[in-house]
Amino acid sequence: MSEEAREKPSNFIRDIILEHNRTGRFGGRVVTRFPPEPNGYLHIGHAKAICIDFGMAQEFGGRCHLRFDDTNPTKESQEYVDAIMRDVRWLGFDWGPHLYHASDYFEQLYAWAVQLIKAGKAYVDELTAEEMREHRGTLTEGGRESPHRSRPAEESLDLLERMRRGEFEEGAKTLRARIDMTSGNLNLRDPVMYRIRKAPHQRTGDAWCIYPMYDWAHGQSDSIEGVTHSICTLEYEDHRPLYDWYLDQLGVHHPQQIEFARLNLSHTVMSKRKLLELVNAGLVTGWDDPRMPTLAGLRRRGYTPEAIRDFCERIGVAKADNLVQVALLEHCLREDLNRRAERRMAVLRPLRLVVENYPEGKVEELPAINNPEDPSAGSRRVPWSRVLYIEQDDFRDPPPPKYFRLSPGAEVRLRYAYIVRCTGVTRAADGTVAEVRCEYDPASRGGDSGGRRVKGTLHWVSASHSIGAEARLYDTLFTAPRPDEAEEWKSVLNPKSLEVLRSCRVEPALAGAPAEARFQFERQGYFCVDARDSRPGALVFNRAVGLRDTWAKIEKGGG
RNA sequence: UGGGGCGUGGCCAAGCGGCAAGGCGCGGGACUUUGGAUCCCGUAUUCGGAGGUUCGAAUCCUCCCGCCCCAACCA
């Protein structure tokens with residue numbers, strides 16, 4: 001079934017928008033926004049949000065803005081801003097001219113703050129952070145009002161102005177909304193609107209030393225941009241009353257906030273804090289380490305934007321906590337690459353195979369199909385000669401039950417080449433197999449079995465024509481499905497998440513493969529030319545995902 | 001009696017009073033020059049639990065149970 005033909009699963013957000021359109025709440029307009037804070041790289045969880053934000057806008061003929069929530073200069077940087085834009089584009093979404101920053105609105109926000117003070121809805125407080133925490137009360141008990149809560153508006157106005165001028169130290173004063181210190185919703189217990197931060201901002205430089213809090217900046221930014229549907233994750237559900245309160249006090253355009261459950265993926269962690277820690281502790285090589293759930297990591301690993309978008313569509317949108325198995329993500333990649341990736345032969349763990357009855361020095365160029373799923377991909381020629389390499393796993397002596405591969409006396413097909421019969425092995429002093437010997441059947445050229453039953457087909461490369469390469473095989477970063485629930489999440493890191501194979505032999509057609517090119521190495525999996533470390537003459541391939549391996553299951557299950 | 005959410009098969013997830021979609025996974029089979037792909041078939045008498053309303057409930061009502069989020073001058 002094609003992607004277009006598949007019906008999109010229904011979801012409650014679409015239903016809400018449909019209802020708004022039906023009642024004319026926003027005049028039929030649909031404007032959404034993706035509002036990342038530039039304090040880390042985007043991950044697969046963000047991809048879900050991006051697909052929803054941009055997807056809903058697209059579906060309803062509206063638009064989606066990219067807005068950086070840059071209200072905390074101490075944690076944000078231009079590196080992250082650049083990476084985020086790169087990743088959103090790579091995923092396949094376009095914000096057109098609608099690139100915004102919360103910092104674009106600092107002046108307007110300030111003016112609105114003044115308006116709220118004048119209306120008696122906000123005041124400058126002088127409680128320290130600790131005092132404020134004490135005054136806030138607990139989950140089950142209401143809080144106490146600050147002694148500065150009833151300070152005259154004029155005084156707050158003067159203080160706020162001086163805060164802005166930099167007359168006070170960090171932490172000395174805050175601007176707070178005057179709402180309800182007894183509310184069961186802690187967000188409504190006089191939330192801080194501005195705090196003093198004498199830190200330069202990546203966009204506004206040193207123009208400001210007071211910065212708006214998320215709640216004060218977010219809804220107003222949405223309003224200014226004419227956003228209609230402010231879609232976010234469940235943890236903001238408690239913030240919605242505050243989001244609504246600010247907008248109502250100001251009497252400005254009022255978007256609808258809608259919350260959905262964030263994505264949890266098995267065998268990985270998703271919090272930016274933990275991902276940052278992995279990077280800083282050197283437990284991975286960087287934000288784009290192929291084992292990371294970041295878009296940069298997935299991309300380097302070999303994931304396609306199409307596969308990720310398909311995944312985001314398949315996981316659905318709901319409000320229930322979830323833990324999606326990585327198997328689904330992997331399935332999406334396989335399905336995409338099976339259709340699109342050209343096939344190549346690559347021997348990861350080489351074992352010499354000598355064709356005794358094939359003339360020394362003779363070479364044949366055998367045609368091989370590039371992609372059986374796509375005739376338009378054509379074919380290439382693969383050199384064959386007397387000495388070849390096959391996979392170490394493809395020879396066993398003695399052979400286990402149901403083993404279709406090579407073993408003494410057994411017959412097997414070498415893909416696109418000839419059928420060979422194993423005539424013997426040469427062992428090293430320690431008993432390990434050094435070399436396998438065989439005879440080929442000249443009549444089976446191209447792999448034609450001539451009616452004979454040959455169950456196994458192996459991939460191979462010519463020893464003298466193949467080129468060396470490095471392969472990096474990845475497994476999940478964590479061994480536990482829910483690392484977050486382990487006593488210590490880092491203790492459950494997978495020590496085998498990376499295996500490096502340095503003596504691989506790949507067919508010559510792979511020589512000029514450009515960075516990020518993806519191939520299916522027949523019988524093994526989908527591999528991607530590493531964008532960072534691969535060089536012509538020193539190729540490095542990342543295994544994005546293995547092929548389904550029925551034999552591995554049989555063998556593991558004891559036959 | 002803090003507040004806010006959520007509970008449908010191993011994992012996601014449709015369903016919105018008419019008698020349990022779909023996907024992943026898993027099991028079996030067909031086919032196969034990738035033990036790949038593809039194709040069949042199977043996989044919840046039951047929707048957290050108990051009552052109730054109704055001819056009829058996963059869908060409505062009541063109570064109960066469980067899980068998640070909130071006490072940053074983070075987002």
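What you see is a predicted model, and the numbers here were worked out from it, not measured in a lab. The figures that follow rest on heavy atoms only: side chains count, while hydrogens, waters and symmetry mates do not. Letters A, B, ... are given to chains in the order of the sequence lines, protein chains preceding strands, and every chain is numbered from 1.
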- Query: Considering only heavy atoms from C-beta outward, does the side chain of A:Tyr105 approach that of A:Ser221 to under 4.5 Å?
  - Reply: yes
| message | Any heavy-atom pair between the side chains of A:Glu126 and A:Arg151 that's under 4.5 Å? | response | yes
Separation of the [atom1] atoms in [N] and [M], to the nearest angstrom:
N	M	atom1	answer
B:rG3	B:rG18	C1'	38 Å
B:rA13	B:rC74	P	33 Å
B:rA20	B:rU53	P	23 Å
B:rA14	B:rG7	P	9 Å
B:rC60	B:rA75	C1'	40 Å
B:rG15	B:rC47	C1'	10 Å
B:rC55	B:rC65	P	32 Å
B:rG23	B:rC39	P	11 Å

Does the [N] base have a donor-acceptor partner in the side chain of [X] within less than 3.5 Å?
X	N	result
A:His239	B:rA75	yes
A:Gln520	B:rG36	no
A:Asp549	B:rG35	no

Tell me what [X] touches on the nucleic acid: a base, only sugar-phosphate, or nothing, going by heavy atoms under 4.0 Å.
X	result
A:Asp125	nothing
A:Pro191	nothing
A:Tyr236	base
A:Pro372	base
A:Tyr416	base

Roughly how many Å is it from [atom1] in [X] to [atom2] in [N], rounded to a whole number?
X	N	atom1	atom2	result
A:Met345	B:rG36	CE	P	18 Å
A:Asp180	B:rG4	CG	P	14 Å
A:Trp216	B:rA75	CH2	C1'	17 Å
A:Arg189	B:rG4	CZ	C1'	13 Å
A:Arg482	B:rC68	CZ	P	10 Å
A:Arg548	B:rG25	CZ	C1'	10 Å
A:Ile315	B:rA14	CD1	P	11 Å
A:Tyr243	B:rG3	OH	C1'	21 Å

State which of [options] makes the closest approach to the side chain of [X].
X	options	answer
A:Trp551	B:rA71, B:rG35, B:rC70	B:rG35
A:Arg195	B:rG7, B:rC73, B:rG2	B:rC73
A:Lys553	B:rG27, B:rC6, B:rC73	B:rG27
A:Gln325	B:rG15, B:rG10, B:rA13	B:rG10
A:Glu373	B:rG36, B:rA75, B:rG2	B:rG36
A:Lys402	B:rG35, B:rG36, B:rA13	B:rG35
A:Arg523	B:rU34, B:rC24, B:rA75	B:rU34
A:Leu234	B:rG36, B:rG35, B:rG5	B:rG5
A:Glu37	B:rU34, B:rA75, B:rG5	B:rA75
A:Met213	B:rA75, B:rC24, B:rG35	B:rA75

Rounded to the nearest 0.5 Å, the CZ atom of A:Phe260 sits from the SG atom of A:Cys232 at a distance of 7.5 Å
Mind listing the closest non-hydrogen atom pair of [X] and [Y] along with its distance?
X	Y	value
A:Glu141	A:Arg189	O-NH2, 2.8 Å
A:Pro212	A:Arg195	O-NH1, 2.7 Å
A:Ile179	A:Asp190	N-OD1, 2.7 Å
A:Ile419	A:Ser444	N-OG, 2.8 Å

So, does [X] get its side chain near the phosphate of [N], meaning an N or O under 4.0 Å from OP1 or OP2?
X	N	answer
A:Arg136	B:rA72	yes
A:Arg343	B:rA37	no
A:His331	B:rC24	yes
A:Arg240	B:rG4	no
A:Thr550	B:rG36	yes
A:Thr140	B:rG3	no
A:Ser10	B:rG15	yes

Go ahead and name the base partner of [N]; Watson-Crick or wobble counts if both distances stay under 3.5 Å, otherwise write none.
N	answer
B:rG2	B:rC70
B:rU34	none
B:rC60	B:rG52
B:rU43	B:rG25

(Q) Looking at A:Asp310 and A:Arg314, is there a salt bridge between them, counting it only when a charged N and a carboxylate O are closer than 4.0 Å? (A) yes
*asked:* Could you tell me if A:Gln257 and A:Tyr243 have a donor-acceptor pair between their side chains, going purely by distance under 3.5 Å?
replied: no
Assert: residue with more 5' nearest nucleotide on RNA chain B, out of A:Val317 and A:Leu329, is A:Val317
Judged by nearest nucleotide, the residue sitting upstream toward the 5' end of RNA chain B, A:Tyr526 or A:Val454, is A:Val454
Per ring pair (Phe, Tyr, Trp, His ring centres under 6.0 Å), A:Trp460 is matched among A:Tyr440, A:Tyr416, A:Trp384, A:Tyr389 by A:Trp384
